[in-house]
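Below is one structure, written out as structure tokens; comments come after it.
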Amino acid sequence: MSRKTSLSGFHEWLPQERLVELHVLNTLAEVFELHGFSSIETRAVESLGTLLRKGEIDKEVYTVSRIHETDAPDPTDTSRLALHFDLTVPFARYVTENAGHLTFPFRRYQIQKVWRGERPQEGRAREFTQADIDVVGDGALDFRHDIDVALVMAEALAKLPIGQFVIRINNRKLAEGFYQGIGLDDTAGVLRNIDKLEKIGADKVAEALQAELGASAEQAELALSLAQIRAEDSSFVDEVRALGVENSQLEEGLRELAEVIDELHKRAPGTAVADLSIARGLDYYTGTVYETNLVGHEQLGSICSGGRYDSLATKGKRTFPGVGLSIGVTRLISRMFSQNMVEATRNVPTVVYVALTSDDDWSAAQDIAQTLRSRGINTEVATKAEKFGKQIRHADRRGIPYVWFTSYNEGQVSHEIKDIRSGDQVAADPAVWMPPADDLQPAIVEIDHTGK
């Protein structure tokens, strides 16, 4: 973390840090909208029953109660309200409730805060921002959307000052078909153990597969052999087939993953790999799954993950399959700050500080500021006619690059603008003067994305 806050796990950014966060959020929204995704926002709370219907994170949910409730909350009451721990489950509820008002396939992006009762550490907070994209169909959803969301996310991440990243992609059909092909029917149990591979190592995963699932040493070895396969193109298909396992679901997964990887290799080279160790622990994924790491910062874990889900959202006999990816924005930004990867060129958005020659000039200075603002130039006005040197120092401390001076002499009004970074001062007209484009907003500068 860049610094401590008074309440562990709940970030409060300084103004210059908030500028970086806004840059990230605005960049993501711009790319998502460029690809036709509509913005939505869901409520902060859901019923406890809705949140706990999928996945295994019930211990992380914050429940909500009124301070003047007369009875103690019943912990078994699933109608109680709780803060959402991700944006996918609330989105599934949103789709089923609003299906009659949506056009499918529905392309949505959502940038909101979520809450989890986790132990705070770098990369994990109790309140944090996520940025999600999803495409949802009605009854069916073309597989090419699996490729589309990965390409969109690769483009979005490439526009952020984060250095190199790698989207690691697998397919649950491939994995589950392989496990069934070697005689391991508890595919969910195998996936849960394979998902721990990077944390506990191959030996312990093999031991768990044998002790918990009754796998033989040979079955455990084959499962681990599959998880060790990596490729930047579809060459992984031959490596999987070389393991000698036959299964129709496996073949379907191989075809789908090869199509995703080949298209990413063509359109966003160097950003994605087929990584058959990726499992994704949540149980609603049914096809393509994604995890993303920053190169040189792998210990941070995944900064962007998601996958295909064919049965998360249902309404009677009607199903809404979808595919999506989610960026852990707060996790990503915390790393950017802690490793000094970026900085804002200014601490404030103000471009011009209008100085006062006399206290009587304040109203006229407001007119100048209004003229500049009407053309998109962020402007502040001094409140006291102090010595010019003091007004310049104030602007400098605030990080404002320009100071505006106005002189009144025998009915004549003249204006000058001073760049306090270079010391240059020139005549200017508030109706036409414009700063260089780079000065209109604080820039976000990538300092060092290696973390060294």
Side-chain angles (χ1 to χ4, degrees), residues 1-5 9-34 109 111-114 120-125 127-133 152-168 268 270-272 291-305 325-351 378 396-402 420-421 435-452:
M1 305 294 183
S2 56
R3 57 192 174 81
K4 298 289 184 180
T5 60
F10 295 84
H11 291 285
E12 290 181 333
W13 304 127
L14 293 171
Q16 59 268 37
E17 295 172 329
R18 175 62 172 161
L19 286 171
V20 173
E21 182 182 43
L22 286 173
H23 172 78
V24 170
L25 297 177
N26 292 338
T27 299
L28 294 176
E30 180 181 323
V31 174
F32 297 159
E33 291 184 4
L34 194 63
Y109 80 89
I111 301 175
Q112 274 185 254
K113 287 190 174 182
V114 300
Q121 54 185 299
E122 183 171 15
R124 292 188 181 275
E127 179 185 64
F128 55 99
T129 301
Q130 287 191 181
D132 288 18
I133 57 170
V152 172
M153 197 58 81
E155 180 179 331
L157 292 173
K159 291 194 173 183
L160 300 180
I162 59 175
Q164 188 179 355
F165 61 90
V166 176
I167 304 175
R168 303 157 66 196
T271 64
E291 288 194 358
T292 308
N293 295 107
L294 290 182
V295 175
H297 304 272
E298 287 79 6
Q299 69 276 23
L300 182 64
S302 179
I303 60 162
C304 174
S305 58
L325 277 158
S326 174
I327 297 178
V329 175
T330 302
R331 168 179 287 196
L332 180 60
I333 290 174
S334 296
R335 188 67 172 186
M336 293 163 71
F337 294 152
S338 69
Q339 300 298 309
N340 297 317
M341 296 166 67
V342 295
E343 68 178 7
T345 54
R346 299 204 306 271
N347 294 342
V348 296
T350 309
V351 178
N378 301 335
D396 191 29
R397 285 194 300 270
R398 295 264 291 134
I400 302 170
Y402 295 96
I420 60 177
R421 299 163 299 182
D438 289 346
D439 286 337
L440 280 174
Q441 291 293 335
I444 307 303
V445 179
E446 187 173 351
I447 303 171
D448 174 21
H449 60 70
T450 65
K452 297 178 182 178

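All figures in this text were calculated on a predicted structure; none of them were measured in a lab.
- Ring geometry, Trp13 versus Phe337: the interplanar angle exceeds 60°, so the pair is classed perpendicular (tilted spans 30 to 60°).
- The shortest distance between side-chain heavy atoms of Leu294 and Leu332 falls below 4.5 Å.
- Summarising the geometry of Gly270 relative to Gln164, their closest heavy-atom pair is O-NE2, 4.3 Å, with the distance given to 0.1 Å.
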request  = Apply side chain to side chain contact (heavy atoms under 4.5 Å, CB included) to the pair Phe128 and Val329, showing each step before the final yes or no.
outcome  = CA-CA 7 Å; Phe128 55 99; Val329 175; over 6 Å; no
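- Residues Ile162 and His297 fail the side-chain proximity criterion, which asks for heavy atoms closer than 4.5 Å.
- Minimum heavy-atom separation, Pro161 to Met336: CG-CE, 3.9 Å.
- Looking at Asn293, its side chain does come within 3.5 Å of a backbone N or O of Gly301 through a donor-acceptor pair.
- The two residues Glu127 and Lys113 make their nearest non-hydrogen contact at OE1-NZ, 3.7 Å.
- When all heavy atoms are compared, the tightest approach of Ala156 to Phe32 is CB-CE2, 4.0 Å.
- Using a 4.5 Å heavy-atom threshold, the side chains of Ile327 and Leu157 count as touching.
- Distance CD/Glu155 to CG/Leu34: 6.0 Å, rounded to 0.5 Å.
- Atom CD1 of Ile333 is separated from atom CZ of Arg335 by 14.5 Å, given to the nearest 0.5 angstrom.
- Judged by distance alone, the side chain of Arg331 and the main-chain N or O of Cys304 form no donor-acceptor pair under 3.5 Å.
- The shortest non-hydrogen separation linking Asp439 to Val351 is O-CG2, 3.4 Å.
- Separation of atoms CD1 (Ile303) and OG1 (Thr330) is listed at 12.5 Å; rounding is to 0.5 Å.
- Side-chain N or O atoms of Thr271 include one that pairs as donor or acceptor with a backbone N or O of Ala268 at under 3.5 Å.
- The backbone N or O of Pro15 sits nowhere less than 3.5 Å from a side-chain atom of Glu17 that would complete a donor-acceptor pair.
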inquiry  = If you apply the rule side chain to side chain contact (heavy atoms under 4.5 Å, CB included), what do you find for Leu19 with Gln441, and how did you get there?
reply    = CA-CA 10 Å; Leu19 286 171; Gln441 291 293 335; over 6 Å; no
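- The OH atom of Tyr109 sits 12.5 Å away from atom CG of Asp132, with the distance rounded to the nearest 0.5 Å.
- Of all the heavy atoms in Gly163 and Glu446, the pair that sits closest is N-OE2, 3.3 Å.
- The structure places CD of Glu343 at 10.0 Å from CD of Gln16, a figure rounded to the nearest 0.5 Å.
- Contact annotation: the side chain of Leu160 approaches that of Leu28 to within less than 4.5 Å [non-hydrogen atoms, C-beta and beyond].
- Note: Ser305 OG to Arg168 CZ = 11.5 Å, rounded to the nearest 0.5 Å.
- Residues Thr129 and Leu25 have side chains in contact (heavy-atom distance under 4.5 Å, counting atoms from C-beta outward).
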